[in-house]
Amino acid sequence: MKQIIQSVKGARDFYPEDKARHNWLYERVRNVSTRFGYEEWDGPFLEKLELYAAKSGDELAREQAFVFPDRSGEMIMLRTELTPSLARMVAQRQGQLVMPLRWWSYGPFWRYEKPQQGRSREFFQWNIDLVGVNSPEGDAEMIAIAVEFLKSVDLSPSEVLIRVNDRQYMEVHLKSLDIAEDGKLSVFKLIDRYDKMKVEDWDANALELGLSRKQLDGLKTLLADMDGWHRSENLTRIFENLEALGVRDYVVFDPLIVRGIDYYTGMVFECFDVSRKFRSVLGGGHYDNLVADVGGDPLPGVGFAMGDMVIAVVLQDWGKLPVFADTRADVLVTLFDADNAAIAMGLAANMRRQGLRVAVYPQVDKLGKQFKYADRLGARFVTVIGPDEASEGQVTLKDLTAGTQLTIPLDAVAEQISHQLVDEKSS
RNA sequence: GUGGCUGUAGCUCAAUGGCAGAGUGCUUGACUGUGGAUCAAGUUGUUGCGGGUUCGACCCCCGUCAGCCACCCCA
């Protein structure tokens, strides 16, 4: 094997077919976001370590970030998530921005993790936030955006579901079980792992946390109560709104969804493949105070994030990833010989002016090689101008799909190709 | 950070201690102005890297790097 310098572990190479898939996904994200009236924005890829360290429970900055000193010695971090930048940028212009703010973003993030299925060290993430609002209507809108995205990539409720819960609903019931306020977060983390652990282990863990047998039983009753959302006014109104937004069939109540993240304070949701083979496709929730860690006045909101890796795995698994066909050129212009090359180049320029994608074979070569190149490019048409055509001011145009060819005047080629392309589409 | 599996031709993979192979791709020709089909010939190697054991290592051992998978985590 030849010595090729390796890429950085976990970094992503985007070959043209990868880039095509990336653009396909981005296009759907952009389309859904803008249809709900959101504006695209972005933060810097580099932030000060300090910005992330300000967040509590910052395993991200401590363990899973690319951190390095710049030339002045300041500690810089490649961004691992967008929320701190969002908080900073919103706080900087808190008095000027039109609230509620509707912002979305799609860009690269880096986490120093062990690469595996659906996870690498470099990934793209869609972030979307509705900031400055505290209502079930806002919460429902965010879920609806997620559903509309799922629809746009042709995933149905029999393939993926959004699971919704409300931390306040959970807290009220934990309180009624006399579970202490300061033990709340660790209980949430335990609930978050309910599906991953064996029942005995989970029970043992709960008792270790200091829960009594009675509290444990009460907790399990709560987690099994699939109709409990009727007792939450917030969830009831969210579900009413989801009904009105026409997305109710994608959404279920799930008391096991609590999310590991501390700053969520109300509704939380995650999207999973129904097989539960994969990690969550997207997740988000309602928060009370976006700018708490960076200074600024308290600001509620709701948002979610979706990485590009898990969704790709899920789409692949359901056979919903399109085949990205070669789209390199419509026409290959061959160079027959040096005498006629200039005419061919002129023809190519003319066809480009008419909006066709035209590649010229960049040197004189055997026609067989040039045709083969056209075939492998995926170009549908090939033009040939040899001495016979040149003397008559004509060009031979071959349609590789149909296997037919005809010889026509030079200035009629672009129109002829357009006709055949249109015929193809309408038939 | 912890553990498991894998690493051989451009690609997919054989060869289990004794001459490194197949399919596919690629090149050329059959086809002197025409691709995709077919046929023929040719071509393709630091067996990831470094060390060790052995008369002899793709094969066994140690280390290392990478990929995949699980754990951790999931912001």
Side-chain angles (χ1 to χ4, degrees), chain A residues 1-11 13 51-65 77 79-87 109-121 123 125 127 188-189 192-193 196-197 201 257-264 268 270 272 277-285 287 290 293 303-307 309-310 313 326 332 334-337 340 344 361 364-390 395-407:
Chain A
M1 193 158 294
K2 278 164 234 130
Q3 298 290 338
I4 295 171
I5 294 173
Q6 287 174 341
S7 60
V8 174
K9 179 173 179 163
D13 287 343
L51 177 70
Y52 290 82
K55 276 190 74 180
S56 54
D58 57 333
E59 167 156 355
L60 268 181
R62 269 200 331 277
E63 307 281 349
Q64 297 196 318
M77 201 174 123
R79 64 184 188 181
T80 54
E81 58 167 329
L82 195 58
T83 304
S85 302
L86 174 64
F109 295 85
W110 294 266
R111 293 178 191 168
Y112 199 85
E113 302 192 85
K114 201 151 188 167
Q116 54 187 282
Q117 187 185 40
R119 173 179 286 186
S120 71
R121 289 183 172 183
F123 58 95
Q125 197 175 67
N127 284 266
F188 277 163
K189 294 208 168 176
D192 199 37
R193 304 172 65 200
K196 289 184 186 171
M197 296 171 70
D201 294 346
I257 300 294
V258 289
R259 315 271 293 143
I261 308 122
D262 295 349
Y263 69 80
Y264 291 128
V268 287
E270 271 183 285
F272 286 95
K277 279 187 293 190
F278 310 111
R279 278 190 295 278
S280 82
V281 170
L282 58 85
Y287 42 84
L290 173 69
D293 297 319
F304 72 83
M306 180 187 80
M309 305 279 295
V310 176
V313 170
D326 293 330
L332 179 79
T334 62
L335 299 191
F336 188 88
D337 56 25
N340 296 301
Y361 198 90
V364 176
D365 211 328
K366 286 184 168 178
L367 271 188
K369 272 189 87 167
Q370 301 195 51
F371 269 78
K372 187 164 187 160
Y373 181 71
D375 189 52
R376 300 193 56 175
L377 274 190
R380 178 165 166 195
F381 298 96
V382 177
T383 64
V384 179
I385 302 174
D388 298 347
E389 290 87 353
V395 55
T396 295
L397 175 69
K398 179 159 183 178
D399 180 334
L400 293 184
T401 309
T404 57
Q405 73 178 44
L406 63 171
T407 300

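Below, chains carry the letters A, B, ... as their sequence lines are ordered, and counting in each starts from 1.
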So, Glu113(A) side chain and Gln64(A) main chain: donor-acceptor pair closer than 3.5 Å or not? no
So what does Arg279(A) touch, heavy atoms closer than 4.0 Å: a base, only the sugar-phosphate, or nothing? base
Compare every heavy atom of Thr383(A) with every heavy atom of Thr334(A), then report the nearest pair and how far apart it is. OG1-O, 2.7 Å
Using whole Å, report how far CZ of Phe272(A) lies from C1' of C74(B). 10 Å
Using the C1' atom on both, measure U8(B) against G48(B) and round to a whole Å. 10 Å
Residues passing the side-chain hydrogen bond (donor to acceptor under 3.5 Å, both in side chains) test with Thr396(A), sequence neighbours excluded, are Glu389(A), Thr407(A)
Confirm from the modelled atom types if Arg119(A) and C73(B) form a donor-acceptor pair under 3.5 Å, side chain to base only. yes
Determine the interatomic distance between P on A41(B) and the same-named atom on U24(B); round to the nearest Å. 13 Å
For a quick check of understanding: with a heavy-atom distance under 4.0 Å over all strands, which category does Gly284(A) fall into, base, sugar-phosphate or nothing? nothing
What is the nucleic acid contact for Gln117(A), judged by heavy atoms within less than 4.0 Å: base, sugar-phosphate only, or nothing? sugar-phosphate
Could you work out, with side-chain contact (heavy atoms from CB on, under 4.5 Å) as the rule, every residue matching Lys114(A), not counting sequence neighbours? none
Per-nt protein contacts along nucleotides 28-40 of chain B (heavy atom under 4.0 Å; B base, S backbone sugar-phosphate only, - none) come out as -S---BBBB----
Nearest-angstrom distance from the residue atom NZ of Lys9(A) to C1' of G7(B): 15 Å
Between C5(B) atom C1' and Lys114(A) atom NZ, what is the distance in whole Å? 12 Å
The side-chain contact (heavy atoms from CB on, under 4.5 Å) partners of Lys372(A) (sequence neighbours excluded) come to Arg376(A)
Here the distance between atom P of C68(B) and atom CE of Met309(A), to the nearest Å, is 8 Å
Specify the residue among Ala11(A) and Lys277(A) whose closest nucleotide of RNA chain B lies further upstream toward the 5′ end. Ala11(A)
How many whole angstroms separate atom CD of Gln116(A) from atom P of C73(B)? 13 Å
Please list every stem that involves RNA chain B, where a stem is a run of 3 or more consecutive Watson-Crick or G-U wobble pairs with both pairing distances under 3.5 Å. B:1-7 with B:65-71, B:10-13 with B:21-24, B:25-30 with B:38-43, B:48-52 with B:60-64
What's the CD-C1' distance between Gln64(A) and C71(B), to the nearest Å? 13 Å
Within the 4.0 Å heavy-atom criterion, would you say Glu113(A) contacts the bases, only the backbone, or no part of the nucleic acid? base
C72(B) and U12(B): how far apart are their C1' atoms, nearest whole angstrom? 34 Å
Non-neighbouring partners of Asp192(A) that pass side-chain contact (heavy atoms from CB on, under 4.5 Å), sequence neighbours left out: Val258(A)
Please identify each residue that fulfils side-chain hydrogen bond (donor to acceptor under 3.5 Å, both in side chains) with Arg121(A), with sequence neighbours left out. none
Please report the distance separating the P of U27(B) from the corresponding atom of C68(B), rounded so that it comes out in whole Å. 31 Å
Considering residues at least two apart in sequence or located in another chain, which fulfil the side-chain hydrogen bond (donor to acceptor under 3.5 Å, both in side chains) criterion with Gln125(A)? Asn127(A)
G17(B) versus U54(B) - spacing of their C1' atoms, nearest Å: 9 Å
Please measure how far the P atom in G36(B) lies from the corresponding atom in G29(B), and state the result in whole Å. 13 Å
Determine the interatomic distance between C1' on C58(B) and the same-named atom on A9(B); round to the nearest Å. 14 Å
Between P of U27(B) and CG of Asp365(A), the distance in whole Å: 11 Å
Do Tyr52(A) side-chain atoms and Glu81(A) backbone N/O form a donor-acceptor pair below 3.5 Å? yes
Rounded to the nearest angstrom, tell me the gap between atom CG in Asp13(A) and atom C1' in G67(B). 13 Å
On a whole-Å scale, what distance lies between the C1' atoms belonging to C62(B) and A22(B)? 33 Å
Tell me every residue that passes side-chain contact (heavy atoms from CB on, under 4.5 Å) with Asp399(A), counting only those two or more places apart in sequence or in another chain. Arg380(A), Phe381(A), Thr401(A), Ala402(A), Thr404(A), Gln420(A)
Below 30° counts as parallel, above 60° as perpendicular, anything between as tilted: where do the rings of Tyr264(A) and Tyr287(A) land? tilted
What contact category does Arg193(A) fall into here, base, sugar-phosphate, or nothing, at under 4.0 angstrom with non-hydrogen atoms? sugar-phosphate
